[in-house]
Amino acid sequence: MENTDKKEKVYLVSFGNSDKYVLRDGSVGKESELTKIESELNSFLRQKFPDETFAYFTTPRVDEIAASHVARYASYPELDSAAITSIKEVLAREVKEMEANKNLNSDAPYANVKPAAADIPHILG
């Protein structure tokens, strides 16, 4: 006997600053298409940036679309393999920018200045 409780759900999904995509998925947990995509994005970024953390970028922002509102999102692209390729490019650029900003902040002039206690009167004075 087939389980009829399992209905396809429709979601609006984005990662990092990517576009928003429509995902149709009837599975949950490890079988979920969204879980598989998130894992693929994590693997991709881990290979490119082994020393970085990027959960912010790979954690999807998901809004379930009510069945009565699905038609409103007809112009949104589907979350397919082409979309995943595009998302990977966006996320790689974002992680690269995050790395660059970290370096700029840590290399800023005077970022690590720790005056000796004997110099404090001259600095303040």
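Positions are given from 1, in the same order as the sequence printed here. The structure displayed is predicted, hence computed values, not measured ones. Every heavy atom of this structure was used, including side-chain atoms; hydrogens, water molecules and symmetry mates were not.
Here the shortest heavy-atom pairing between Ala92 and Phe44 reads CB-CE2, 4.2 Å.
Placement of Leu12 and Tyr21 in two distinct hydrophobic clusters is found when ILVMFWY residues are connected by side-chain heavy-atom separations under 4.5 Å, directly or transitively. Both Phe57 and Val62 sit in one connected hydrophobic cluster of ILVMFWY residues. Membership requires side-chain heavy atoms under 4.5 Å apart, directly or through other members. Placement of Val13 and Tyr73 in two distinct hydrophobic clusters is found when ILVMFWY residues are connected by side-chain heavy-atom separations under 4.5 Å, directly or transitively.
Looking only at side-chain heavy atoms (C-beta outward), Lys20 and Tyr76 come within less than 4.5 Å of each other. Side-chain contact between Thr58 and Leu45 is present, with heavy atoms from C-beta onward closer than 4.5 Å. Ile65 is not listed as a side-chain neighbour of Tyr11, based on a closest heavy-atom distance of 4.5 Å or more. Glu8 has its side chain out of reach of Asp25: every pair of non-hydrogen atoms, C-beta onward, lies at least 4.5 Å apart. Side-chain atoms of Leu34 and Pro60, non-hydrogen and from C-beta on, do get closer than 4.5 Å to each other.
Under a 4.0 Å N-O distance rule, the pair Glu78/Arg24 qualifies as a salt bridge.
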Report all side-chain donor-acceptor pairs from residues 83-90 shorter than 3.5 Å, counting only partners two or more places apart or in another chain.
unit_1, atom_1, unit_2, atom_2, d
Thr85, OG1, Ser81, O, 3.1
Lys88, NZ, Glu40, OE2, 2.9

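Residue Lys96 places its NZ atom among 12 or fewer non-hydrogen atoms of other residues, nucleotides or ligands, all under 6.0 Å distant.
Considering CG of Leu91 and OG of Ser18, their distance stands at 6.5 Å, rounded to 0.5 Å. Rounding to the nearest 0.5 Å gives a distance of 11.0 Å between CG of Leu23 and CD of Glu64. To the nearest 0.5 Å, the span separating CZ on Phe54 from CZ on Phe15 amounts to 13.5 Å.
A side-chain donor-acceptor contact under 3.5 Å links Glu94 to the backbone of Asn17. At least one donor-acceptor pair under 3.5 Å links the side chain of Thr59 to the backbone N or O of Ala55.
Applying the side-chain contact (heavy atoms from CB on, under 4.5 Å) test between Glu38 and each of Thr35, Leu41, Asn42 identifies Asn42 as the sole match.
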